[in-house]
Amino acid sequence: MSSLIFKQFIGDRNRGDLIWTHPSQKQFLLLDGVSSSLPEKAVKLCEQWLSAQPKSRLLRSEQIIEELNQLLFKNGAQAVFCLATVKKTNEVVADIVGNIRVYALKRYKNAESLREQDMIHPTHVLGQCSLPTPARLRLPLDSYDQKYLLCTDGLSHRKILDSGLKISHIEQNVKANLDALKEEDDWGAVVFPIDDTTTPIDDELIDEVLIGDPSNDIAEHQVHQLIAKEINESTALSGAKLVRNPFFKSKNSSREVDALLICPLGLFFIEIKGHEGDIDLYVDSSDRKSMLLWDKTTTPPTVTRDANPVTKGIEAIRSFQRDLADAAGNLIPEARKTVVVCFTSSHGQATCIDGNETRHSLPYQYGEAVVTDLPNLVEALLKRAKTWAGKRLKPLLDTEQIQQIADRFSCQPGNDFNTPQYLLPGLNMDLDCELSEESSDYFKIYKADHYGDEVWAKRYIDDAFKRLDNGAAAARVAREIPVLQRLGRHRVNGIPYYYWHYQNGKDLIIFLEPGYPTTLMDWLTKEPNRAERLAVIKQLLATLTRISQFTAPPIILRSINPKNIRLSPANDVQLINFELVQADDLKTLPINARTGFDRDYQATEVLDASASVSVKADVFSAAMIIAYVLGGSPREKVSLQQRHGFASLLAKWNLPEKDGIILKQGLHENPRQRPSMSELNERVRQWQ
C-alpha cells in the first residue's frame with residue numbers, strides 16, 4: 001500500500017469531534033469529547049497539544065494517552081480516543097480508549113462490527129483520575145476489497161449494520177452516505193485504506209499509458225492502474241499502451257473486453273473477474289458452465305456454476321481477428337495474442353483443473369490463455385511473452401507501431417454536430433438548449449419540437465461508447481428504437497412516443513415524447529395519500545405486465561428505478577430511458593452506460609455480465625419500487641427479505657399482510673423462484 005490515505009469526514013454541525021492526520025499519512029487520531037464533560041473544550045485542548053508536537057516523527061500511543069489524559073483531567077474535560085498507525089507489517093494498529101466504533105467493509109458483504117462490546121457507552125475515557133488501558137486492534141491492509149470505517153458514536157451502530165453498508169457506499173458520495181447513518185449532527189469518521197488505485201492519479205507517466213475513460217468497476221480500475229504502474233517500472237513493457245474497455249464488433253457478437261494491452265511483446269486481452277469465494281475452473285471442459293463458485297459464507301457452502309472465461313476469451317480472440325487486422329494491418333502476425341483471465345478477489349482461491357483432474361495453482365497457462373490472480377498478473381504476462389518472444393523478451397513492436405494500433409482504439413473527437421436541414425417535416429431541435437437535469441454521462445437531452453409540440457432530442461455521446469467501426473455504436477444504443485416502436489405499435493400505456501431518429505456521422509439522435517415533469521422520488525416528498533399511492537402502483541404494474549408479455553424476443557427493461565418512473569400532474573405514470581433495455585441476445589453495455597443502473601433496484605443477475613437475464617429481473621425491481629412507494633423512502637433489500645419486511649409496510653396502509661409473501665418472493669436471489677409480473681400484478685389489482 002504505497003500511498004495509503006486516511007479519508008476523514010465530519011458532521012456539518014460538529015462540536016466535539018476531532019480528526020487529526022499526521023503529515024506523513026502514517027497516523028491519524030480520532031477523538032470525541034464526552035458530552036457531559038465540556039466536549040468543545042476537550043477538542044480545543046487536544047488541538048493545542050497536537051500543534052505543539054514535532055512533525056518529524058510519529059506519536060507514541062503510550063505518550064499521547066498519558067499526556068492527554070493528564071491534560072483533560074486537569075481541565076475537567078473527558079474524551080474517547082483512537083490513535084491509528086500504519087506499520088511495516090502492512091497493517092494499521094489502532095489503540096482505542098472508549099467507544100470508538102470500528103467496522104470492516106467488504107465488497108459483497110455488509111459491514112461487520114469489530115468492537116461489539118463497546119457500542120453504547122464508554123467504560124474508559126481520557127480525563128480520568130487513573131490512566132486508562134487502551135484496547136488494541138490490528139487491521140490488515142492486504143486486501144484492496146476490504147476497507148475500514150472508524151467513527152464516533154454520532155453515527156448509529158444500528159443503522160450502519162441494518163443499512164447493509166458496503167465498500168461501494170464509501171467510494172462515492174461518501175459524506176452523504178455517512179450522514180444518512182447519523183444519530184446526531186456531531187459525528188466524525190475515518191475511512192481507509194484509500195490508495196492510488198481508487199483515487200485519481202496525477203502521475204503524467206501513467207496518464208500517458210492509459211487510453212479511454214476510467215472504469216467505474218473497482219476490480220477493473222484496480223487492474224488497469226496496476227498494469228499502468230508496472231509498465232512504467234518494467235523495461236520489457238516500456239512504451240506500452242493500455243486501452244480500457246475497448247469495444248469490438250464481429251460477425252456474431254458485439255461486446256467489450258475489460259482491457260487490451262498493446263506492448264512491445266504483443267497483444268493481451270485482459271478479462272477481469274471479481275468473483276468472491278473459492279473457484280474451481282475446469283479449463284478442458286466442453287460444458288458451457290464449467291466454473292464452480294464456492295460460497296463459504298453459507299452453511300453448508302453453496303455451489304453455483306458460471307461460464308468458463310477461458311473458453312469465452314479464446315473464442316473472443318478468434319472472433320476479433322478482423323478488427324485487429326484492421327487496427328494493426330500487417331503487424332498482427334508478429335504481435336502474438338493471448339487472453340488473460342485475472343481473478344481479483346482476495347477472499348477466495350482460484351484453482352485450474354485440467355482434463356486429468358490435476359489441480360494447478362495460479363498463474364496457469366492453457367493454450368492461448370493465461371489464468372492468474374492480481375498479485376501475479378504482470379509476472380504472468382511476461383512469462384507468457386517469453387513463449388513467443390524468447391527468454392530475453394525481444395520486442396516485436398516498436399513505439400510507432402504500438403501507437404498505430406492504439407490510435408485505432410482511441411476515441412477521437414468527432415466533428416461538431418450540425419443540425420440536418422431535413423429531419424422530419426415539422427421537426428426541429430435546438431442544440432443551445434440542453435436539458436442538463438435530464439442528460440447523463442452517455443447522452444445529452446436537447447429541446448426540440450414537432451409542429452409546436454414539445455419533443456426531446458436524445459443525442460448519444462459517441463466517445464462514451466468507444467465506437468470502432470461505422471454502425472457499431474448505433475447497434476449498441478439503437479436497441480431503444482425498435483423497442484419503443486414495438487411498444488408504441490401495440491399502444492402500451494406509459495411509454496414515450498417515438499418520433500424519429502437521425503444519424504449524422506458519429507452522432508445518433510433519437511426524438512422522443514418528453515418525460516413527465518415529476519420523478520417518483522419528488523412525488524413521494526409531497527406525501528401522497530393512500531389512494532394516490534395505490535393508483536400509481538397499479539398503473540406501473542399494469543404497464544410492466546404488458547411489457548413482460550412480449551416474446552420472441554422478450555423485452556427486459558433492466559433499469560426500473562425511481563428516477564426513470566415519471567408522473568404527470570394528473571398522476572399518470574410513465575417509464576423513460578429505454579437505452580439499457582435488453583430485447584435480444586446483445587447484453588454487453590458500454591461502461592459509462594452501466595452508471596445508469598441504480599443498483600438498489602436491480603437483481604443480482606443484471607449486474608453480472610456472465611449471468612442469464614430474464615423478465616424476472618424486472619419483477620425484482622417492481623417489488624423494490626412497491627416497497628419504496630408504500631414506505632415513502634428507499635428500502636434496503638436485506639430488511640425487506642426479513643420475515644415481516646413487506647408485511648409491516650402493507651399493514652401501515654391497511655393492505656393484506658399475506659401479500660407480503662409474494663412481494664418477498666419477488667426479491668428471491670434465484671430468478672426462477674420469483675413470481676411472474678402477471679402474478680404480481682393480479683395480486684396488486686385486488687388491493688382496495
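Position 1 is the first residue of the sequence; numbering continues from there. Side-chain atoms are counted along with the backbone in the values below, which use heavy atoms only and exclude waters and symmetry mates.
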(message) As a quick check of understanding, evaluate ring-ring contact (aromatic ring centres under 6.0 Å, His included) for His450 and Phe511, giving each step before the final call.
(response) CA-CA 10 Å; His450 185 240; Phe511 297 89; 9.6 Å; no
(message) Walk me through whether Val536 and Ile565 qualify under side-chain contact (heavy atoms from CB on, under 4.5 Å).
(response) CA-CA 10 Å; Val536 164; Ile565 299 173; 5.7 Å; no
(message) Go through it in stages, so that I can follow the logic: the residues are Leu575 and Leu540, the test is side-chain contact (heavy atoms from CB on, under 4.5 Å), and I'd like the CA-CA distance, side-chain angles, deciding distance and then a yes or no.
(response) CA-CA 8 Å; Leu575 296 173; Leu540 176 63; 3.8 Å; yes
(request) Take Leu487 and Tyr498 through the test side-chain contact (heavy atoms from CB on, under 4.5 Å) and record every step on the way to the result. (result) CA-CA 10 Å; Leu487 297 177; Tyr498 159 78; over 6 Å; no
(request) Show your working on side-chain contact (heavy atoms from CB on, under 4.5 Å) between Leu520 and Asn564 and close with a plain yes or no. (result) CA-CA 8 Å; Leu520 183 63; Asn564 289 342; over 6 Å; no
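Rounding to the nearest 0.5 angstrom, the gap separating the CG atom in Asn561 from the NZ atom in Lys563 is 8.5 Å. In this structure, CH2 in Trp456 is found 10.0 Å from CD in Glu513, a value given to the nearest 0.5 Å. The structure places CD1 of Ile445 at 7.0 Å from CG of Leu512, a figure rounded to the nearest 0.5 Å. The distance from atom CZ of Phe646 to atom CG of Leu667, rounded to the nearest 0.5 Å, is 4.5 Å. With rounding to the nearest 0.5 Å, the separation of CD in Gln602 from CG in Asp600 is 9.5 Å. Annotation: the span from Tyr497 atom OH to Gln574 atom CD amounts to 14.5 Å, rounded to 0.5 Å.
Ring geometry, His490 versus Phe550: the interplanar angle exceeds 60°, so the pair is classed perpendicular (tilted spans 30 to 60°).
Taking the side chain as every heavy atom from C-beta outward, Ile547 and Ile495 approach each other to under 4.5 Å. Side chains of Pro514 and Glu454 form a contact here, defined as non-hydrogen atoms less than 4.5 Å apart. When side chains are defined from C-beta on, Phe620 does not count as touching Pro671, because their heavy atoms never get closer than 4.5 Å. Residues Pro562 and Ile625 meet the side-chain proximity criterion, which asks for heavy atoms closer than 4.5 Å. Contact annotation: the side chain of Ile272 approaches that of His224 to within less than 4.5 Å [non-hydrogen atoms, C-beta and beyond].
We find that Glu605 and Lys616 are not joined by a salt bridge, their nearest charged nitrogen and carboxylate oxygen being 4.0 Å or further apart. Between Glu532 and Lys526, no side-chain nitrogen of the basic residue sits less than 4.0 Å from a carboxylate oxygen of the acidic one, so the salt-bridge criterion is not met. Using a 4.0 Å cut-off between a side-chain N of Lys or Arg and a carboxylate O of Asp or Glu, Lys637 and Glu669 qualify as a salt bridge.
Counting non-hydrogen atoms of other residues, nucleotides and ligands closer than 6.0 Å to CD of Glu527 gives a total of 12 or fewer. Residue-environment remark: CG (Asn493) stays at or below the threshold of 12 foreign heavy atoms within 6.0 Å.
The main-chain N or O of Leu630 is found under 3.5 Å from a side-chain atom of Trp653 such that the two form a donor-acceptor pair. Counting only distance, with no hydrogens or angles, the side chain of Arg533 and the backbone of Val629 share a donor-acceptor pair below 3.5 Å. In terms of modelled atom types and a separation under 3.5 Å, the side chain of Asp618 and the main chain of Leu557 share a donor-acceptor contact. Counting only distance, with no hydrogens or angles, the side chain of Arg558 and the backbone of Ala617 share no donor-acceptor pair below 3.5 Å.
Between Ser548 and Arg546, the side chains place no donor N or O within less than 3.5 Å of an acceptor N or O (distance only, hydrogens not considered).
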